[in-house]
Every structure is written in structure tokens, then in C-alpha cells.
Amino acid sequence: MKILVVGGGTGGTILANNLARRLSGEIRARKVRITLLTASDRHMYQPGLLYVAFGQMATDQLYRDQASLLESSIDFHVDPVEQFHLDKNQVTTKNGKVHEYDMLVIATGSRIVPEQIPGLTEGAETFYTEATAVKMFKCLREFQGGKVAVVVGVPHKCPIAPVELIFLLHDYFKARGIRDKVTIKYHYPIGRIHTIENVAKWAKPEFERMGIEYETLFNVKEVDVKNKVVKSEEGTETGYDLLIAIPPHRGMEVIEENNLGQGGWIPTDRYKLTMKDHDNVYVLGDTTNLPVSKTGSAAHFEAEVIAENIASIVKIGAPVRDYDGKVYCFIEAGHDRATYAMFNYLNPPDLKPASKPMHWFKVAYNQMYWTSVRGLL
Amino acid sequence: MGEKKVIDARDTYCPGPLMELITYMKQASVGDTLELLSTDEGSAADVPEWIHKVGHEVVSNEKVEGVWHIQVRKAK
Ligand SMILES: Cc1cc2nc3c(=O)[nH]c(=O)nc-3n(C[C@H](O)[C@H](O)[C@H](O)COP(=O)(O)OP(=O)(O)OC[C@H]3O[C@@H](n4cnc5c(N)ncnc54)[C@H](O)[C@@H]3O)c2cc1C
């Protein structure tokens, strides 16, 4: 049985390691082979980018060598897939190699597309890549006061990031002693300040305490860089001195080019995590079209379900469980405090007041991530 | 008249029905009809409010067996 995993980020790495352990006997007996194809020899801890943007993490702390994170039984290649031939159970890579599979897992993640909004690339700071996070930090350091506007593109990964960004901005300017010279205005695409109702309810008094202005039903249409004005689809506009954007996302180009899903989002069964009309193709993480947050946490829980199901297909010929939509997200709440949101398809999160121990747990998790992707946590 | 697409945002808290609709509206062509399925009570009011504000069109909005079916047309 040939199992091919495409994408060595959070989801693909956890899945491949988990599967390699569950099927170690079958791999030794040469009945199963797990191959992982990815696009980079380094693995980035993406949540660290937010800390980089505030000078709280060095850029080299974001990375580990991908090979060092993988079980040695996994056949690993840095050679991105360029063509998917789902009808022939084959993929072709950049190096021209053809890989056949019995079961395929696609975990290619998502990418930012700020260029879809005129003026956003030139006009806004962001922290969704290493280079932009470093640039944003330098910009924050130089900022001496004025209007900061935060805007949010749709869809975006890490839905908690806009709220965490506000807490971090407030704390950062306070620590520099210039908070009274800065106004912070938050703009959000839907009719409340966060898409999760309980997060919105929890964050509203916190925003009021910090003196954060906000406008809801604000979808960024364009940025007038010359006049420093950001305009919404809804017909309103905000002037700014410093604009920070959560950029809109799409799935990877390779997914769109191979017609696997519009916008790069692959149609996925929300319980089985198989691709629509392809029972031997599993999809996980950001690249699914599921109505589930695009988070490392969702990718992690999906990876565990898929690993268990593929292993049991190998062992008993049938999958054993469904994905229930589980997501667990830390929420950094400033003042060295944090809380968390845990929810699934049927149960909304019940937010606890932010506390210091939760913040220290998140700080510890920033290191524990490496144990987690190895599949040991 | 474009194609009709169904967006199944039942039983989901994040990103939530309106956020899902905004994603798909961006991908749709002018004239396309999208049907949003939602179990979130707020959607019945939120979605039409946003659609009107942006200048698209609500074709229908009804609750069938606990699920809101909201059809909207991309107008621009
Ligand atoms: C600033 C920021 C903060 C975040 N904070 C949090 C947080 O607090 N909590 C949380 O849970 N999540 C957070 N996230 C989101 C989280 O990082 C992603 O949702 C998660 O990494 C998605 O996992 P994935 O496996 O789907 O994709 P990724 O981890 O992005 O991995 C995709 C992989 O696919 C590979 N690939 C791409 N193209 C190809 C190809 N053609 N062939 C083969 N391989 C390919 C890439 O090299 C990469 O290894 C944050 C993200 C950012 C940017």
C-alpha cells in the first residue's frame, strides 16, 4: 500500500508521523510505504510571526529542519507537486518525478493574496510572512503616534489573530509610553467584532476598557495609499497613519491550476475528510473548503482522525471515526494574560476570563509545538 | 443568469455563515445565485443587512426544519 502525503506543514507532518507510528510493523514488513512531498526543507511555526512583529521572537526561532521532525521510516522529498492526476492515482513533481499512490493526503495549506485588494500591498503592514512581520516591527518601532487602522480580509487563516493583534498593539504602545498619542480603530467584515459570538461578547468590554474604536460590516475594497484612506465595500472609509491588514487568503496555486477546487479550496466531506467524489483522497488543514477555522489546531485534529482512519483501513479494511469539527485556539489577551476557545461543529466555545497561567501555557506551547508536530503530544 | 451554488454553513461557529458567504461572493460572477444554509439564528438578520449594504440582492430567506435557506444574487 502506497500512502502519499503532499504538504509538510502542520497538518501533513503530524499526519505522516502519526501514521508512521501506527503502521510501523507494516512499514518494516514492506507492506506499507509512506512518502511525504513538500515545498521547503524548513518548517515554520507560523503563530510565531505575530511575536516577531512585536519584537518578542527572533526570526530563527520560527524554524526547524523539516527532516529533523519526521520519523525516519518516512520517505521524504523536498520536491513540490505540480500536477495531480487523480484519475490515474499519480502526481508529478517539479523535478519531473511521478509518484503513484493508493491513498493520497493533500495538505498544501493556504497563501496570502493582498494583491487582490488595490493598494493593500503598498499601503498596509502585515505579519503573515517573515519579511512582512520584520517590516511591521520596524514600522511599529518608528511610529510616534497617530491613527492606527486594522482591517481584515476574507477568508483568512487564524481567525483569532485580529483580536490578539489589538491586545498586542495596546500593550506595545503603552509600554513605549505613547498610548495616549495613538488611536486604534478595528474594522471587521461581519456585524460583530468577532465571528464567534462568544469571542465577540468577551472581547467587547475588553476593547472598551482599552479605548479601541471599532466599525463592523467593513470589507476592505481598496486602499488610497497617497491620501492614507482605506475604503470599504459597504461605502465607508477610514483615514490612517498606520494601516495593519490581515490579508485575504486563497489555497495554493497548484490546487487551482489542477482544478481541484475553486479558490484553491478543495471540496471536502466535513466528517470523513475525503475529497468529494474521491474516496482515496483525504484533505486536511487550510486547503479544505470546510466551514472550519483555518488553524494549526484544526489541521492537528483532522490529521489525527485521518491517520487513525488510514491505519485502520490498512489493518481492518474500514475507517473508524469521523472528524467532529474540533478546534482549540489560545487567545492572547494582553497584560500577560490569555484565554482559549474550544469548540466543534455542535458546541460553541465557552470563554473563560483571561488569566496569567493560560498565557504561560501558550508561551510554553510555542516550544511544545515541535513536540506536537513530531506526533508526540 | 449564472449558476446556483449551495454553501453549507450549518453547525459551524468559525468562520461562521456570513464570513463563508463573503468568501463565496468574492469568487462568484455577477448574476450568480448563492444559497446559504445556516443554523445560526443571527444569520437571518445579519446576512440581508450585509447584502443590502453592499448592494447585492436577497432572493429569498426562509426557515425550513430549523435551517435558514438564504438565497442571494451577486449584483455587481
Ligand atoms: C501569523 C499567524 C498566526 C497564527 N496563529 C495560529 C494560532 O495561534 N493557532 C493556530 O492553531 N493556528 C495559527 N495559525 C494558522 C496555522 O499556522 C495554519 O492554519 C496551519 O499551519 C495550517 O496547516 P496546513 O498543514 O494546512 O498548512 P501549512 O502548515 O501552511 O503547510 C503547508 C505545506 O504545504 C507545502 N506545500 C505547498 N505547496 C506544495 C506543493 N505544490 N507540493 C507539496 N507541498 C507543498 C508547504 O511547503 C508547507 O509545508 C497562524 C498563522 C499565521 C500566519
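These values consider heavy atoms only, across backbone and side chains, with no hydrogens, waters or symmetry-generated copies. A note on names: the letters A, B, ... follow the listed sequences, proteins ahead of strands, and every chain is numbered from 1. Computed from a predicted model, the values in this text were never measured in an experiment.
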Tell me if the centroids of the rings in A:Tyr328 and A:His300 come within less than 6.0 Å of each other.
no

Aromatic centroids of A:Tyr345 and B:Tyr13 separated by under 6.0 Å:
no

Heavy-atom contact with chain B under 4.5 Å, split by part of A:Asn347:
backbone

Looking just at side-chain N and O atoms, do A:Thr288 and A:Thr268 make a donor-acceptor pair shorter than 3.5 Å?
no

Using a cut-off of under 4.5 Å on heavy-atom pairs, state which of A:Pro348, A:Ser293, A:Gly325 scores highest against chain B.
A:Pro348

Using the ring centroid of each side chain, check whether A:Phe207 and A:Tyr186 are separated by less than 6.0 Å.
yes

Less than 4.5 Å to any heavy atom of chain B: does that hold for the side chain of A:Arg270, its backbone, both, or neither?
side chain

Are the side chains of A:Tyr340 and A:Lys352 in touch, meaning some heavy atoms are under 4.5 Å apart?
yes

Heavy-atom distance under 4.5 Å to chain B: side chain of A:Pro189, backbone, both or neither?
both

Under a 3.5 Å threshold, yes or no: a donor from one side chain and an acceptor from the other, between A:Glu215 and A:Thr236?
yes

Contacting region of B:Lys26 [heavy-atom separation from chain A under 4.5 Å]
side chain

Hey, is NZ on A:Lys362 packed in by over 12 heavy atoms from elsewhere, all under 6.0 Å?
yes

If you tally heavy-atom pairs under 4.5 Å between each of B:Lys53, B:Gln27, B:Arg10 and chain A, the highest tally belongs to B:Gln27

Does any heavy atom of chain B fall under 4.5 Å from the side chain of A:Phe218, the backbone, both, or neither of them?
neither

Heavy-atom pairs under 4.5 Å with chain A - which of B:Asp8, B:Leu21, B:Ile7 has more of them than the others?
B:Asp8

Which bit of B:Glu20 comes within less than 4.5 Å of chain A, counting heavy atoms only: side chain, backbone, both or neither?
side chain

Relative to chain B, which of A:Ile196, A:Leu290, A:Thr295, A:Val199 shows the most heavy atom pairs under 4.5 Å?
A:Ile196

